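Structure, as structure tokens:
Predicted model only: the values in this text are computed from it and were never measured.
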Amino acid sequence: MKTDSKHYQFVNSQTGNTIYYHSLSISFTEDELRAELDKIKGQVATQNGLPIGIIYWEEVKNAN
């Protein structure tokens, strides 16, 4: 069954560890998608007590 979402992981660049996974609807425009991912990145940083600058997000291509 195909889903209408893309899957992302948020990674601590200092350790290389994935610290959060999130899925978003594919109906977002590119600008809306980036804004939403940046908002989530800030929340992940806050929840994990990390500087926002060391967290990055990337799409998970093999999500099932």
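- Taken from CG in N17 to CD in Q9, the straight-line distance is 10.5 Å, to the nearest 0.5 Å.
- By the criterion of side-chain heavy atoms lying less than 4.5 angstrom apart, applied directly or through intervening Ile, Leu, Val, Met, Phe, Trp or Tyr residues, L50 is not grouped with Y21; the two fall into different hydrophobic clusters.
- A distance-only check finds a donor-acceptor pair linking the side chain of S13 to the backbone of I54 [under 3.5 Å].
- Distance check: Q47 CD to I40 CD1 gives 10.5 Å after rounding to the nearest 0.5 Å.
- In this structure, the separation between CZ on F10 and OG1 on T18 is 11.0 Å, given to the nearest 0.5 Å.
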Practice problem: Could you check L24 against H22 for side-chain contact (heavy atoms from CB on, under 4.5 Å), going step by step and ending with a plain yes or no? | Solution: CA-CA 7 Å; L24 291 172; H22 194 77; 3.5 Å; yes
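- With rounding to the nearest 0.5 Å, the separation of CG in N48 from CD in Q43 is 11.5 Å.
- Of the possible donor and acceptor atoms, one in the side chain of E32 sits under 3.5 Å from a partner among the backbone N and O of T29.
- You'll find the side chain of V11 stays beyond 4.5 Å of the side chain of I55, heavy atoms only.
- One distance of note links CG of L33 with CH2 of W57; it measures 6.0 Å at 0.5 Å rounding.
- With hydrogens and angles ignored, the 3.5 Å screen pairs no side-chain donor or acceptor of K6 with any backbone N or O of S25.
- A donor-acceptor contact shorter than 3.5 Å links the side chain of N12 to the backbone of Q14.
- The CD atom of E36 sits 10.5 Å away from atom OH of Y8, with the distance rounded to the nearest 0.5 Å.
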